[in-house]
Amino acid sequence: MTNDGENVRLDPRWIDDQKGLVSREIFGSPAVHELEKDRIFRKSWLYLGHETEIPNSGDVVTRTMAGDPVIVVRREDGTIGAYLNSCAHRGVKVCRVDKGNTRRFVCPYHGWSYGTDGALISTNFDALYPEGTDFSTMGLIPVTRLDSYKGMIFGNWSEEGESLDEYLGDFRWYLDLFFARTPGGAQVLGPPQRFVVNADWKTAAINFGTDNTHVITTHIGPMTLSPTPFSPPELMAALGDAVQVSTGNGHSVSLVSLPGERYAHYPKELHDLYDAALEPEQADVLASLAIGVSTVFPNLSFIENTPTEVEPGVYMKGLLLRQWHPIAPGQIEVLSWQFAEVEASADYKRAVHVRAVNDFGVGGIFEQEDVELWSSVGSTTTTPAAREHPFVFSTAVPFLDHPVPGHAGPGSAYQPFVAEITQFKFLQHWNKLMTESVS
Ligand code: FES
Ligand code: FE
């Protein structure tokens, strides 16, 4: 790190823990982008999809893991497989759809074919290969480790490191609140929306994990000023009591509660199911929950957005899961799914799907407000003058070592809600992973 008076430029240690400063260059540098592939994305558990996207034998979706194209498939035996979408012969993509159903993958170049278990079935010219050729070594390359947590499928390219359960750790308690709060669990509502944004993946990740400050500036229009405000005045007032929670490994969630009737913002027909599926402490948190927003390190985020009163006493909100795929320095492809409880009525599922897309779809009002601002960050990260001056997260510093008592869930809870605490902890964790192998 060099310290040129007050003009601090952080390199190669990008974070100043004492001052709460973060190098701008990490949000756009091609060199950082390359390093992240090895030091973050090859070692982390990356979200691949939800089991309800591929319910039947042969169902397949294609995804990426930091650039590597991946097939996720329900195999003939009902288990789930994930493979590099690249023919073992010359590398052509053997699955060329976003979503479909198949009994085998047939390469369109020279015709090698593979089963849903990834094994090579035929090269078309097996007899030409030398005697003793071991065709069992010529299948699709499996994702090194594959696991799921309550329907959420994750892959990891590294043989070493924590199991998925260890990696998620106490954050599983919070995932349950959103994706496993009924006995049937969560169900994806249709395919993901996909769109490209000129922003670094970390800009999006820390926005969701959690930049609470921007909500009352960036989104003040739809939150309070639109003809049908998204948030009742009581909810805006409740922000003062909200908490941001860190469970380690860079994972965090912000929770906004609104005292009132138990489960007031959720459909009545699901209330008993919440009590059946959740631990009592979890159910108590969900009972007053108005907004939840989160990032699971590195690039998975979700939000259950502000409740809207659709008729007196009846509220509705949408649950979205997003993934920020880095595709180039300062550029991401966003995948955005909508979810609802399996047991919810068809009408409710349709209503929350529409609500979620209207808010956070490609043209959604909140999405547009965020994306426009994120895109403008990129032009001031690696340019000659701007890169000399770090970004400021200093509001985190006074609170980092002072979690507040009394929070019902695991992890460390922090206030005030608008301090940049869990964002900075995310970046500290990023810095640890990026620098520990070179220190
Ligand atoms: Fe797939 Fe040749 S590249 S069969
Ligand atoms: Fe936003």
Side-chain angles (χ1 to χ4, degrees), residues 69 71 83-96 102 104-115 118-129 133 135 137-141 195 197 199-226 230-231 235-236 239 242 244 252-254 256 290-295 301-306 317-322 324 332 334 336 355-377 417-418 420 422-423 426:
I71 298 167
Y83 314 99
L84 195 64
N85 188 4
S86 176
C87 182
H89 184 221
R90 295 284 188 279
V92 166
K93 282 186 179 176
V94 298
C95 185
R96 308 179 75 82
T102 190
R104 59 181 60 183
F105 301 103
V106 180
C107 180
Y109 201 5
H110 311 98
W112 285 30
S113 57
Y114 307 86
L120 180 69
I121 295 172
S122 167
T123 66
N124 262 354
F125 300 100
D126 290 357
L128 299 183
Y129 283 81
T133 295
F135 292 105
T137 66
M138 292 156 62
L140 296 173
I141 297 163
F195 50 103
V197 179
D200 187 88
W201 65 275
K202 297 183 294 299
T203 299
I206 62 173
N207 184 91
F208 274 68
T210 317
D211 187 331
N212 299 316
T213 325
H214 89 285
V215 176
I216 53 177
T217 49
T218 304
H219 302 308
I220 194 67
M223 292 287 283
T224 61
L225 302 177
S226 63
F230 283 72
S231 301
L235 183 58
M236 296 302 280
L239 291 177
Q244 40 188 312
S252 69
V253 63
S254 283
V256 184
I291 304 173
V293 56
S294 164
T295 286
S301 297
F302 63 84
I303 180 168
E304 187 161 56
N305 53 358
T306 53
K317 46 188 177 175
L319 175 59
L320 295 108
L321 186 71
R322 6 269 316 274
W324 324 106
I332 50 176
V334 183
S336 182
R355 168 76 198 280
V357 170
N358 283 345
D359 290 0
F360 282 96
V362 180
I365 189 164
F366 287 94
E367 195 66 46
Q368 285 296 301
E369 290 176 333
D370 283 331
V371 162
E372 158 58 22
L373 300 179
W374 298 349
S375 300
S376 71
V377 174
F417 187 60
V418 291
E420 297 151 305
T422 53
Q423 297 177 63
F426 174 100

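Start at 1 and go down the list; that is how both ligands and their atoms are numbered. Every value quoted in this text rests on a predicted model; they were computed, and no experiment measured them. For the numbers below, each heavy atom of this structure counts, side chains included, while hydrogens, waters and symmetry mates do not. Heads up: numbering here begins at 1 and tracks the sequence.
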Chi angles and distances behind the side chain to side chain donor-acceptor pair (under 3.5 Å) call for Thr210, Gln244: CA-CA 8 Å; Thr210 317; Gln244 40 188 312; 5.5 Å; no

Listing request: all salt bridge (charged side-chain N to carboxylate O under 4.0 Å, His left out) pairs with a residue in residues 202-225, at least two apart in sequence or in separate chains. Glu36-Lys202, Asp200-Lys202

Would Phe366 and Phe360 count as a ring pair (Phe, Tyr, Trp, His ring centres under 6.0 Å) here? Give the steps. CA-CA 6 Å; Phe366 287 94; Phe360 282 96; 5.3 Å; yes

One pair to check against side chain to side chain donor-acceptor pair (under 3.5 Å): Trp112 and Ser122. What are the steps and the verdict? CA-CA 6 Å; Trp112 285 30; Ser122 167; over 6 Å; no

Which residues share a salt bridge (charged side-chain N to carboxylate O under 4.0 Å, His left out) with Glu367, sequence neighbours left out: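 By the salt bridge (charged side-chain N to carboxylate O under 4.0 Å, His left out) rule, Glu367 matches Arg322.
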
Hey, which residues fall under 4.0 Å of ligand 1 on heavy atoms?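 Correct list: Cys87, His89, Arg90, Val92, Cys107, Tyr109, His110, Gly111, Trp112.
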
Tell me whether Tyr109 at atom OH has more than 12 heavy atoms from other residues, nucleotides or ligands lying less than 6.0 Å away. no

Tyr129 vs Phe135, ring pair (Phe, Tyr, Trp, His ring centres under 6.0 Å): CA-CA, chis, key distance, verdict: CA-CA 9 Å; Tyr129 283 81; Phe135 292 105; 5.7 Å; yes

Please check if the distance between the ring centroids of Trp374 and Trp324 is under 6.0 Å. yes

Would you check, one step at a time, whether the test side-chain contact (heavy atoms from CB on, under 4.5 Å) holds for Val293 with Phe302? CA-CA 6 Å; Val293 56; Phe302 63 84; over 6 Å; no

Shell of protein N/O/S atoms around the Fe ion (ligand 2), taken as anything under 2.8 Å: His214 NE2, His219 NE2, Asp370 OD1, Asp370 OD2

